[in-house]
Amino acid sequence: MPQSTSFRPLRGTRIVSLALNLPGPAALMRLRALGARCLKVEPPGPAPTVSGDPMGQYNPDAYGQMHAGIRALTIDLKSERGRARLARELAATDVLLTSFRPSALAKLGLSWSALRRAHPQLSLVEIVGASGERAEEPGHDLTYLAEAGLITGTALPPTLLADMTGALLAVEATLAALLQARASGRGVHREVTLLGAAQWLALPRDWGLTLPSGAVGGAHAGYKVYPCRDGRVAFAALEPHFAAALLKAAGLPMPDLRAPFAPATHAAIAAWALGKTRRELGVLGRAHDIPLYTLAPAKAG
């Protein structure tokens, strides 16, 4: 993804990551874009030329994009020699990013108490599944989204929402840790949970915004996806001036703010959109300043 190089606020900051799979590497990618000097430490892979990160094995392209410009170092942390090598790296590091269960970190001598004694300057940002004792439970993006109530039916989500949100929260935690450490002169410990990331995403639903009765859940006729003549159109004409523009383009009156919620308005916009092509709708959107995006027909199944 394009990143501006004109402002790199983390220049001079060094981050070491032990985090595997998606959230940790995605966070490291963004931290590098902010100017941090990043080192990825990985376990030995199944072959000398194969990454020890599972992402590097089942999706090398994604792994490559996330680790572009980041030095990767293979260290066997189960060996005394490997742990000594990591300790040398951590002596000149500002933040350690991990995604292991707490018990696994403790076995490697990397619990927060051990790190604080050995490296007082070092901050630790842990990415875990859930907080407290539940940090030891196995889980992945799908289970955290399910617990947060964001899975409907049996279809898989279109992307890894908890993982990517967790990555952003890990970046936020790293920035907060750096600020606090610079103010106090000592490293700090911060925890990010993927369940918490999913629950953060679920807040609009919890507030009722995306329920069927909510304005962005289908109750507002200007905030919906409709079939059109050669595909679909997603309208986001939520604010009154956008809604008024959409209704006017469709030849409908808007006597008050409740007009977009009327069943008759839904039916009228649906019929109007069905008679338009994607190109015609695009032209109307630009001409009348209506937020919309046209899509190809939905795939069967």
For this session: Decide yes or no for Y58 and N21: does some side-chain heavy atom of the first lie under 4.5 Å from some side-chain heavy atom of the second?
Result: yes

Exercise. Do K248 and M254 come close enough that some side-chain heavy atom pair is under 4.5 Å?
Worked result: no

Exercise. L203 and L209: same hydrophobic cluster, using ILVMFWY side-chain contacts below 4.5 Å?
Worked result: yes

For this session: Kindly give the heavy-atom pair with the smallest separation between A162 and L201, and that separation in Å.
Result: N-CD1, 4.4 Å

Exercise. Has the side chain of H140 got a donor or acceptor atom that lies under 3.5 Å from a matching backbone atom of G129?
Worked result: no

For this session: Spell out, yes or no, whether F235 and L247 are grouped together once hydrophobic residues are joined by side-chain heavy atoms under 4.5 Å, including indirect joins.
Result: yes

Problem set entry | V95 backbone acceptor or donor facing S123 side chain under 3.5 Å | no

For this session: Please step through side chain to side chain contact (heavy atoms under 4.5 Å, CB included) for the pair E42 and I75, ending with a clear verdict.
Result: CA-CA 6 Å; E42 299 182 355; I75 298 180; over 6 Å; no

For this session: With the side chain counted from C-beta on, respond yes when T143 and E137 share a heavy-atom pair under 4.5 Å apart, and no when they do not.
Result: no

Seminar exercise, completed: In terms of heavy-atom contacts, E280 and G275 come closest through OE1-O, 4.1 Å

Problem set entry | Shortest non-hydrogen separation from S51 to G56 and the atoms involved | CB-CA, 4.1 Å

Exercise. For T174 and R190, what are the C-alpha separation, side-chain angles and deciding distance, and is it a side chain to side chain contact (heavy atoms under 4.5 Å, CB included)?
Worked result: CA-CA 8 Å; T174 299; R190 289 187 170 260; over 6 Å; no

Exercise. Which distance, rounded to the nearest 0.5 Å, do you find between the CZ of R258 and the CG of D256?
Worked result: 8.5 Å

Problem set entry | Neighbour count above 12 (heavy atom, 6.0 Å) for W272 CH2 | yes

Exercise. Can you find a heavy atom in the side chain of Y226 that is under 4.5 Å from one in the side chain of R232?
Worked result: no

For this session: Would you indicate whether the side-chain heavy atoms of T193 and L169 approach each other to under 4.5 Å?
Result: no

Exercise. Short question: side chain of R14, backbone of E89 - any donor-acceptor pair under 3.5 Å?
Worked result: yes

Exercise. So, R83 side chain and K78 main chain: donor-acceptor pair closer than 3.5 Å or not?
Worked result: yes

Exercise. Any side-chain donor-acceptor pair under 3.5 Å between T13 and R182?
Worked result: yes

Exercise. CG/L77 to OG1/T74 distance, rounded to the nearest 0.5 angstrom?
Worked result: 10.5 Å

For this session: Identify the heavy atoms of P46 and Q57 that sit nearest to each other, and give their distance.
Result: CD-NE2, 3.7 Å

For this session: Report the C-alpha distance between L178 and L10 in whole Å, list the side-chain angles of each, state the deciding distance to 0.1 Å, and finish with yes or no for side chain to side chain contact (heavy atoms under 4.5 Å, CB included).
Result: CA-CA 9 Å; L178 287 167; L10 294 187; 3.8 Å; yes

Exercise. Do L161 and L150 come close enough that some side-chain heavy atom pair is under 4.5 Å?
Worked result: no

Exercise. Counting only N and O atoms by type, is there a donor-acceptor contact under 3.5 Å from the side chain of R8 to the main-chain atoms of L34?
Worked result: no

Exercise. If only atom types and distance count, is the side chain of E136 paired as donor or acceptor with the main-chain N or O of S103 below 3.5 Å?
Worked result: yes

Exercise. CG/D163 to OG/S99 distance, rounded to the nearest 0.5 angstrom?
Worked result: 10.0 Å

Exercise. Which is it for D53 and K40 under the side chain to side chain contact (heavy atoms under 4.5 Å, CB included) test, yes or no, and what are the steps along the way?
Worked result: CA-CA 10 Å; D53 187 328; K40 170 74 174 302; 2.8 Å; yes

For this session: State, with a plain yes or no, whether a side-chain heavy atom of L194 is found less than 4.5 Å away from one of P23.
Result: yes

For this session: May I have all residue pairs that pass ring pair (Phe, Tyr, Trp, His ring centres under 6.0 Å) and include part of residues 63-101, sequence neighbours excluded?
Result: Y63-H67

For this session: Look at the side chain of H220 and the backbone N and O of G222, then say whether any donor-acceptor pair between them is shorter than 3.5 Å.
Result: yes

Exercise. When hydrophobic residues are tied together by side-chain contacts of less than 4.5 Å, even through go-betweens, does I70 share a cluster with L96?
Worked result: no

For this session: State the CD-OG1 distance between Q199 and T165, to the nearest 0.5 angstrom.
Result: 12.5 Å

Exercise. Out of curiosity, does L252 fall in the hydrophobic cluster containing L246 (side-chain heavy atoms, cut-off under 4.5 Å, transitive links)?
Worked result: yes

For this session: Mark yes or no for whether R32, through its side chain, and G69, through its backbone, hold a donor-acceptor pair below 3.5 Å.
Result: yes

For this session: Provide the closest heavy-atom pair for A249 versus H288 in the form atom of the first, atom of the second, distance.
Result: CB-CD2, 4.3 Å

Exercise. About how many Å separate CG of L281 and OG1 of T294, when rounded to the nearest 0.5 Å?
Worked result: 7.0 Å

Exercise. Are the side chains of L110 and L18 in touch, meaning some heavy atoms are under 4.5 Å apart?
Worked result: yes

Problem set entry | Any donor-acceptor N/O pair, D230 side chain to R278 backbone, under 3.5 Å | yes

For this session: Spell out, as yes or no, whether a donor-acceptor pair under 3.5 Å connects the side chain of R30 to the backbone of V171.
Result: no

Exercise. Cluster question for you: counting only ILVMFWY and a side-chain heavy-atom cut-off of under 4.5 Å, with indirect links fine, are I15 and L122 together?
Worked result: no

Seminar exercise, completed: Rounded to the nearest 0.5 Å, the CD atom of Q180 sits from the CG atom of L175 at a distance of 13.0 Å

Exercise. If every non-hydrogen atom of G166 is compared with every non-hydrogen atom of A197, which pair is closest and at what distance?
Worked result: N-CB, 3.6 Å

